[in-house]
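All chains are named by letter (A, B, ...) in the order of the sequence lines, taking the proteins before the strands, and each is independently numbered beginning at 1. We use all heavy atoms of the structure for the numbers below, so side chains are in, but hydrogens, waters and symmetry mates are not.
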Amino acid sequence: MPAFLLKRFAQSIVLLVIVSIIGFVVLNLIPGGPLAQFALDPGMTEADKARLAEQLGLNRPLLVQYFDWAWRLLQGDWGISFRDGNPVLTVISRHLFATFLLMGSSTVIAIAIGTWIGIRGATHRYSTFDYAATVGAMVALSIPTFWFGLIGIYVFSLKLGWLPAGNMYSIGDGSVLDYLHHLIMPSVVLALVHIAVWSRYMRTATLDAISQEFVKTARAKGVTERRVLMKHVVGNALLPMITLAGVQLPSILTGALVTETVFTWPGMGRLFLDSLGYSDYPVVMGLLMFSAILTIAGNLVADIVVALVDPRIRLA
Amino acid sequence: MTTLTATHSPSRWWQSRVLRRFLSHRLALLGLLMITLLTLACVVGPYLLPYDSLYIDLRARFAPPFASDHYLGTDPLGRDIAARLFMAGRISLLVGFFAMVLSIFVGTLVGVIAGYRGGWISAVLMRTVDGFLSYPTIFLLLALAAALKPSPVMITIIIAVTSWMEVARIVEAEVRSLKEREFVLAGRMLGLGRSHIMFREILPNAMGPIIVAATLTVARAILLEAYISFLGFGIQPPLPSWGNMLNGAQQYLASAPWLAIIPGIAITIAVSSFNFIGDGLRDALDVRNDTV
């Protein structure tokens, strides 16, 4: 177990280094690089810019700049937002709760529905349900999330008036029920794609588990079919899903950005777009790095959980 | 020497098992039909419609669909939505197609080299793949789109930059398993050069998964273009794309819902067509079913 953990940690650190290099390249691709905010400022002369570049150490070799940048990243110094003058990490942390709330609730929905569809598809293989689920998943993966959101708003907010069209809570009302009321539509919209993904993987994993010897053994012992399914099949089929949850993180973040935009949800995605609009590059870069680190950490946690739950991996 | 000359079976390609299996895949045929019709409409449509996609008619603003000779209605500037939809389709389909070509090229190159060479070359290349995959696509895409001039060519390039990794992974795995096969050993013993073995001997045998990945990559690229154009960082007006037709549709959702509904249907049809075709090709080419 410690050897496995150590190896996995080392991999994550290598990945972090690579991700930081990609991030640094993107930062320097922005015209004007780290000085982009002053590019259109008429009060800035070339001499001013040169002096600023000197002060910020932008005339040093790129390699030195990279190490300097990465070192400050490590220390938690992610720069200052151009827009409101706060440290980038403070700005990001203010938007974390909204995004995590949205991602969490939509993941719960996706897992619950996706797992159910997947198991049913596998146990009723080649049935009408299975076929409809397969086609449905492919169509769901083809619908742009933002468009699904717009249609949702049109039907459920504008026509039926059942759900709010956006925001996280109504002004003057901050009750849990009010939050939940606002949470329903964005979570379902964000969940759609992931229901499709989960159901496909769960179907495959369930079919894999059903064909295993221990399932035959359990049946031979006279265990009821329901118990075989719930205990032996689903238990084993869920294992690879933990890994999947980690792998899905970047795609959930992508969906969250789009969903937050449509529903004016005050999370990280919305912050990212607003910051892009204001050319607030420290925040843009911060969010870019933050999302990648979150993904790496998520995958690491998923792998550790799988190792804890599954002795086969721990002992291998 | 025995007369075991490697002649192909006498059947023609239209008699092949792959084609027969593809043709028996109803969903794939539906996809093929839908995308053919859509492409035809985008190519020919603008010539048949009474209005130009850029013609602004302020007296005809917000005309609803199916009510006048603006068959699909008009937008807030009174431009004909049908004409814009087809012109946008040209852009969106072209961007999707060329982004696929680019990312398949890069992904295949990286995958073949990493898979065949192994060792530290493979380690560096595949860890780079992992690095790119750690970023949520849209974050990377938007940062690049905001940083660079968003011309259609640049949008195509940055979509490819964020889409080549999965192909690289698929090809790498395929090449890694193929390189141990006898025909590769035979090639090596014959003294064939490394690049000849990689690209002339191994690559043709890995075409099945690449073709499937290519089809699914078109679907993905069209979707990504729609995302960033919807968010305002992709194809810039007055050039229409399915994504940027939806940009701004939200504020008119109550009064002119067709502004949002129509382009979305076009995107969904195009993307699901490619997904259906990809699924059919996967079955026909007998590619392992390990991607969604």
Of the backbone (N, CA, C, O) and the side chain (C-beta and beyond), which part of [X] lies under 4.5 Å from a heavy atom of chain B, both, or neither?
X: A:Thr134; result: neither
X: A:Ser291; result: both
X: A:Ile22; result: both
X: A:Leu253; result: both
X: A:Ile143; result: both

Can any side-chain N or O of B:Gln250 pair as donor or acceptor with the backbone N or O of A:Val262 at less than 3.5 Å?
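Yes: the side chain of B:Gln250 pairs with the backbone of A:Val262.
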
With heavy-atom distances below 4.5 Å as the criterion, would you say the side chains of [X] and [Y] are in contact?
X: A:Met289; Y: B:Tyr135; answer: yes
X: A:Pro144; Y: B:Thr268; answer: yes
X: B:Leu142; Y: A:Leu257; answer: yes
X: A:Val14; Y: B:Asp130; answer: no
X: B:Ile265; Y: A:Trp147; answer: yes

Would you say that more than 12 heavy atoms from the other residues, nucleotides or ligands in this model lie under 6.0 Å from the [atom1] of [X], or not?
X: A:Phe156; atom1: CZ; value: no
X: A:Tyr131; atom1: OH; value: yes
X: B:Phe97; atom1: CZ; value: no
X: A:Phe129; atom1: CZ; value: yes

Do we see a donor-acceptor contact under 3.5 Å between the side chains of B:Tyr227 and A:Thr254?
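Looking only at side-chain atoms, A:Thr254 and B:Tyr227 do not form any donor-acceptor pair under 3.5 Å.
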
Top residue by heavy-atom pair count (under 4.5 Å) with chain A, among B:Gly278, B:Ala249, B:Gly131?
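Of B:Gly278, B:Ala249, B:Gly131, B:Gly131 has the most heavy-atom pairs under 4.5 Å with chain A.
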
Pick from B:Ile261, B:Leu141, B:Ile269 with the largest number of heavy-atom pairs that fall under 4.5 Å of chain A
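Winner by heavy-atom pair count: B:Ile261.
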
Counting heavy-atom pairs under 4.5 Å to chain B, which of [options] comes out on top?
options: A:Leu158, A:Leu294, A:Val247; answer: A:Leu158
options: A:Ile252, A:Val139, A:Leu273; answer: A:Leu273
options: A:Ile21, A:Asn299, A:Thr145; answer: A:Thr145
options: A:Gly298, A:Gly255, A:Ala292; answer: A:Ala292
options: A:Ile151, A:Ile293, A:Val19; answer: A:Val19

In terms of relative ring orientation, are B:Phe139 and A:Phe272 parallel, tilted or perpendicular, with 30° and 60° separating the classes?
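Ring orientation of B:Phe139 relative to A:Phe272: tilted.
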
Which atom of B:Asp279 lies closest to which atom of A:Met138, heavy atoms considered
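Looks like OD2-CE, 3.6 Å.
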
Show the nearest heavy-atom pair for residues B:Phe233 and A:Gly277, with the distance to one decimal.
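The pair with the smallest heavy-atom distance is CZ-N, 4.3 Å.
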
So how far is it from B:Phe274 CZ to A:Ser142 OG, rounded to the nearest 0.5 Å?
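It is 11.0 Å, given to the nearest 0.5 Å.
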
What part of B:Ala254 is in contact with chain A, defined as an atom under 4.5 angstrom from a non-hydrogen atom: side chain, backbone, both or neither?
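Both parts, backbone and side chain.
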
Checking B:Leu253 against chain A: side chain, backbone, both or neither under 4.5 Å from a heavy atom?
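Both the backbone and the side chain of B:Leu253 come within 4.5 Å of chain A.
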
